[in-house]
Number of protein chains: 2
Amino acid sequence: MPRGRVDKRQAILQAAFKTFAREGYGQSCVREIAAEAGVAKPTIYNHLGDKETLFREAMRAAAGRTVGQGLAALDQLRDVQNDVRAGLEDAGHRLLLHHCDEESQALRRLLHAEAARFPELLELIQQESARHLHDALADRLARLALSGLLRTNDPDLAAEQFLALLTGPMELRSRLGTRKVPDAELRAVGRSAVDTFLCAYAPGSVDA
Amino acid sequence: MPRGRVDKRQAILQAAFKTFAREGYGQSCVREIAAEAGVAKPTIYNHLGDKETLFREAMRAAAGRTVGQGLAALDQLRDVQNDVRAGLEDAGHRLLLHHCDEESQALRRLLHAEAARFPELLELIQQESARHLHDALADRLARLALSGLLRTNDPDLAAEQFLALLTGPMELRSRLGTRKVPDAELRAVGRSAVDTFLCAYAPGSVDA
DNA sequence: ACACTTTTGAACCGGACGGTTCATTTATCG
DNA sequence: CGATAAATGAACCGTCCGGTTCAAAAGTGT
């Protein structure tokens, strides 16, 4: 058990998030977090003065860790030549993987559960994470629409509905995150989502 | 302040749910619930022996209260003559109202937050509530398909996607339930959902 | 080797909470 | 009215938790 000034802070934040995710905010005690981090209790209060700020910082760190993953899922949507369906299915599958990632799920669950006690976190993370993802997807879809590969004049709505078709069905299928959904089912959900999305947004449809 | 044997039990369960919804399970103390219910603390332990069973029973009661509302939203889908769009929009709007109802939101939030500590509740309520709603909607859609008013051979998938198109966009717009969404926005979401749903499921489309 | 900072363990404090006990009061019912 | 059952308030117990204190130990820079 080494002592001294290693990156205790990061270990603390990581252990804190892990414990909060496992037990919830109110049921987690700082003793347990200290044990999980392999650190003495006063060390926690030295680095972060408070259980509340400990929670906030742990959440912010976890959000920062997970936000890149989500955006990365949209990268191969950038250079779709003509097979829109394949590109959307691939991006959809990656988004679903990100959505089912344990850390991502825990983050959403904690954010949802403690939204009343930490309203600032809600704005900060929700804006920084979900909103970024939404906007990035809307940008990609707008590009595809400009190229004539998609038909929409409201890429924001299109992004909203694509994400809904992807993540909506997961709540039920994963039983709110308590069941691990096999990859084949993920692919099937993604395929169905792309199917109906393209019915509405592929060039050559009937609806405005 | 009347004493004696009135329906204390129901008052307790209602106050318990209200408090749990406001503070979360771990942060709620039985003293506060007793005060909220206008009842002495031992009375709670007489009727329900434990904080955990108090939580369980309060959740079950709230679920029972809210499940009927959800199913009722689908009633006018039973006798749609030919204007499928109007019927779906009406049902969608009612579903959104139910989804945004404070008790319904609190129930989902608590279920989601304490899913790890009360796994049985998750199965019980999720099955009894969301699953019922899903099945009922799938039934209605299957009837419409039989009448030739809809085109699908997988009404379960259609129901899943219709619900996703309705409730998915709400998570962002309501900021996880912390913002009250005006009715006009609800109607707009419902209209958009019906638009793309009908693009995929109206008779006379291209996709299989 | 030296002074300086950080970490550690352990003990400690005040408060809150879950749950119980009990004597007293209140309503219900024959 | 009298007996029975339920509700009350208040005190109580053991426990756990957030947060602090402190002296000793371990690491760091020169």
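Just so it is clear, the structure is predicted and the values come from calculations on it, not from any experiment. Each chain gets a letter, A, B and so on, in the order the sequences are listed, and its residues count up from 1.
Remark: side-chain polar atoms of A/H134 are not paired, donor with acceptor, to backbone N or O of A/A130 under 3.5 angstrom. Side-chain atoms of A/R151 come within 3.5 Å of backbone atoms of A/A200 as a donor-acceptor pair (strictly under, hydrogens ignored). With hydrogens and angles disregarded, a donor-acceptor distance shorter than 3.5 Å links the side chain of B/H132 to the backbone of B/E128.
B/K18 meets the side-chain hydrogen bond (donor to acceptor under 3.5 Å, both in side chains) test with B/E36; sequence neighbours excluded. Not counting sequence neighbours, the partners of A/S104 by the side-chain hydrogen bond (donor to acceptor under 3.5 Å, both in side chains) test are A/R108. A search for side-chain contact (heavy atoms from CB on, under 4.5 Å) contacts involving A/S147 returns A/L149, not counting sequence neighbours.
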Can you name the atoms? Protein N/O to nucleotides 12-15 of chain D N/O, anything below 3.5 Å, with the distance.
none

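Relative orientation of the B/F197 and B/F162 rings is tilted, given thresholds of 30° and 60° on the angle between their planes. Using cut-offs of 30° and 60° for the angle between ring planes, the A/F118 and A/Y25 rings count as perpendicular.
Considering CG of B/L165 and CD of A/Q161, their distance stands at 5.5 Å, rounded to 0.5 Å.
Residues from residues 20-30 of chain B placing a heavy atom under 4.0 Å of any atom in DNA chain D do not occur. Within residues 43-57 of chain B, the residues having any heavy atom under 4.0 Å from DNA chain D are, by residue number, B/T43, B/H47.
Between the CD atom of A/E32 and the P atom of D/dC17 there is a distance of 8 Å, given to the nearest Å.
Comment: A/R175 engages B/E123 in a salt bridge, judged by a side-chain N to carboxylate O separation of less than 4.0 angstrom.
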